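Read through the structure below, which is laid out as structure tokens, and then see the notes.
For clarity, every value in this text was computed on a predicted model and none was experimentally measured. Per chain, numbering begins at 1; letters A, B, ... match sequence-line order.
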Amino acid sequence: MKIAIKLFAGLRDRAGTGDLTVELPGGATVADAINAAQHNAPIEWIAPTILMAAVNNEYVDFTSALADGDELALIPPVSGG
Amino acid sequence: MKIAIKLFAGLRDRAGTGDLTVELPGGATVADAINAAQHNAPIEWIAPTILMAAVNNEYVDFTSALADGDELALIPPVSGG
Amino acid sequence: MILITDQPLDPKTLADAVRADSDGAVVTFEGVTRNHNDGRRVEYLEYEAYRPMADDKLQELIDEIKERWEIDAVAVAHRVGRVDIGETSLVIAVSAAHRRPAFEAALHLVDRLKEVVPIWKKEFFEGGEVWIGDPGSERTTA
Amino acid sequence: MILITDQPLDPKTLADAVRADSDGAVVTFEGVTRNHNDGRRVEYLEYEAYRPMADDKLQELIDEIKERWEIDAVAVAHRVGRVDIGETSLVIAVSAAHRRPAFEAALHLVDRLKEVVPIWKKEFFEGGEVWIGDPGSERTTA
């Protein structure tokens with residue numbers, strides 16, 4: 001299945017793009033998608049302990065299963081205000 | 001000695017005036033001045049437990065001694081804001 | 001900045017008076033005339049102040065919160081005279097490098113103002129009037 | 001009212017959006033770009049938001065504080081793009097019948113916004129730039 005990944009802030013700056021697409025087998029998780037993204041964009045990534053993920057605008061655990069057509073956002077530490 | 005007394009809010013409304021002057025012997029206290037004022041303006045006064053007094057713009061105890069020329073303000077419960 | 005006036009209050013004036021380039025937070029409080037109080041329908045309020053004692057006490061309270069919290073500047077304006085429903089009777093603005101002290105100091109200033117500043121509020125409600133805090137002053141206008 | 005915009009923010013618009021005749025208190029918070037942070041001289045900030053998730057999360061936080069405190073209405077505006085020193089990046093306005101819940105809810109909303117709303121701040125300081133919270137993103141501009 002195809003998963004669109006959005007990168008923001010420092011991650012986007014390092015990758016040089018805010019949009020990646022990864023091809024994953026059915027049943028793949030958020031963690032699988034992140035691994036694939038790191039393979040496609042071999043940059044200095046943010047430690048997973050401070051990285052958050054959202055699917056279709058809701059925060060999810062890295063163990064969540066993805067579905068074809070999901071938009072996965074990789075969210076570095078937020079700092080609004 | 002002459003003490004000018006200012007009345008505010010509900011007290012002033014009841015007395016029909018905001019300004020009284022009382023004549024007191026030297027060494028008289030705030031309590032003495034209030035007694036004299038109550039004699040001059042025999043209205044329904046505010047209970048002394050909730051009445052405050054200020055002399056020359058500073059809160060004082062009822063036992064404080066007055067000096068000639070002092071301005072004594074009788075302050076009903078405040079309710080600004 | 002301390003202002004006691006019978007003119008409408010403008011929160012922006014106070015917020016702008018306290019802000020500086022080193023501040024990350026500006027908290028503004030407006031006290032507004034509600035249309036209800038203690039189960040009564042309120043028609044309007046009238047405020048009276050004992051000046052200059054009220055100005056002196058406001059300055060003391062500003063000094064008090066500046067002593068206790070890490071804040072930058074404080075501005076207070078209180079309206080006197082008639083204040084209609086929805087109109088602002090009190091504005092407090094506090095600036096600080098960080099938000100929490102600005103919030104805490106502003107709330108404390110309002111709390112203390114209601115305890116010690118010689119300003120009084122007469123409530124004109126449906127059917128009568130009363131000086132708040134002085135139940136014996138209540139009059140009915142049958 | 002939730003607004004994410006690259007235009008300057010006007011606190012009065014938000015305060016006026018929340019006030020109603022039954023409210024006795026309106027608390028307004030402005031987050032402002034400080035000229036210093038972490039011992040560095042800040043030149044300006046740039047904010048980025050992930051929309052529409054940021055709007056959704058702000059709405060959830062508004063629902064959260066309305067659930068927890070007795071408040072009336074809430075408005076939030078966040079600026080994106082470049083925000084210079086002294087300019088306002090965030091405005092929150094909360095109205096309530098009484099002041100304490102308005103203060104507490106407004107502070108809580110700012111605290112939570114900084115935890116969960118997908119908005120990021122890049123600090124351009126004297127000699128470099130960094131995404132706040134992401135030290136690995138720091139670049140020096142010699």
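The existence of a salt bridge linking D13(A) and R139(D) is excluded, since no basic side-chain nitrogen approaches an acidic carboxylate oxygen closer than 4.0 Å.
When heavy atoms are compared at a cutoff of 4.5 Å, V110(D) does not approach chain A at all. Contacts of I75(A) with chain D are made by both backbone and side-chain atoms, with heavy-atom separations under 4.5 Å. When heavy atoms are compared at a cutoff of 4.5 Å, E115(D) approaches chain A solely by way of its backbone atoms N, CA, C and O. At a 4.5 Å heavy-atom cutoff, the contact between K122(D) and chain A is made by side-chain atoms alone. For chain A, the nearby part of Y47(D) is the side chain; its heavy atoms alone come within less than 4.5 Å. With a threshold of 4.5 angstrom between heavy atoms, V32(D) does not approach chain A through any atom at all. With a 4.5 Å cut-off on non-hydrogen atoms, W131(D) touches chain A through its side chain but not through its backbone. Proximity to chain A is limited to the side chain of D56(D), based on heavy atoms less than 4.5 angstrom apart.
For W120(D) (side chain) and P76(A) (main-chain N/O), a donor-acceptor pair under 3.5 Å exists by modelled atom type. Between the S79(A) side chain and the K121(D) main chain, a donor and an acceptor come within less than 3.5 Å of each other. Counting only distance, with no hydrogens or angles, the side chain of Y59(A) and the backbone of V116(D) share a donor-acceptor pair below 3.5 Å.
The two residues L113(D) and G80(A) have their closest heavy-atom pair at CD2-C, 3.8 Å.
For the atom pair E58(A) CD and E60(D) CD, the distance stands at 5.0 Å (nearest 0.5 Å). The CZ atom of R12(A) sits 11.0 Å away from the OG atom of S137(D) when rounded to the nearest 0.5 Å.
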Decide yes or no on side-chain contact (heavy atoms from CB on, under 4.5 Å) for V78(A) and V117(D), but give the supporting numbers first.
CA-CA 7 Å; V78(A) 302; V117(D) 177; 5.9 Å; no
Set out, in order, the CA-CA distance, both residues' side-chain angles and the distance that settles side-chain contact (heavy atoms from CB on, under 4.5 Å) for R14(A) and D134(D), then state yes or no.
CA-CA 12 Å; R14(A) 283 170 235 179; D134(D) 177 7; 2.5 Å; yes
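Taking 4.5 Å as the heavy-atom cut-off, the residues of residues 66-96 of chain D that approach chain A are H78(D), S89(D), L90(D), ordered by number. Within residues 3-28 of chain D, no residue has a heavy atom under 4.5 Å from a heavy atom of chain A.
Of the residues considered (M53(D), K114(D), E138(D), K57(D)), M53(D) shows the highest number of contacts with chain A, using heavy-atom pairs under 4.5 Å. When each of P77(A), G10(A), G81(A) is checked for heavy-atom pairs under 4.5 Å with chain D, G81(A) comes out on top.
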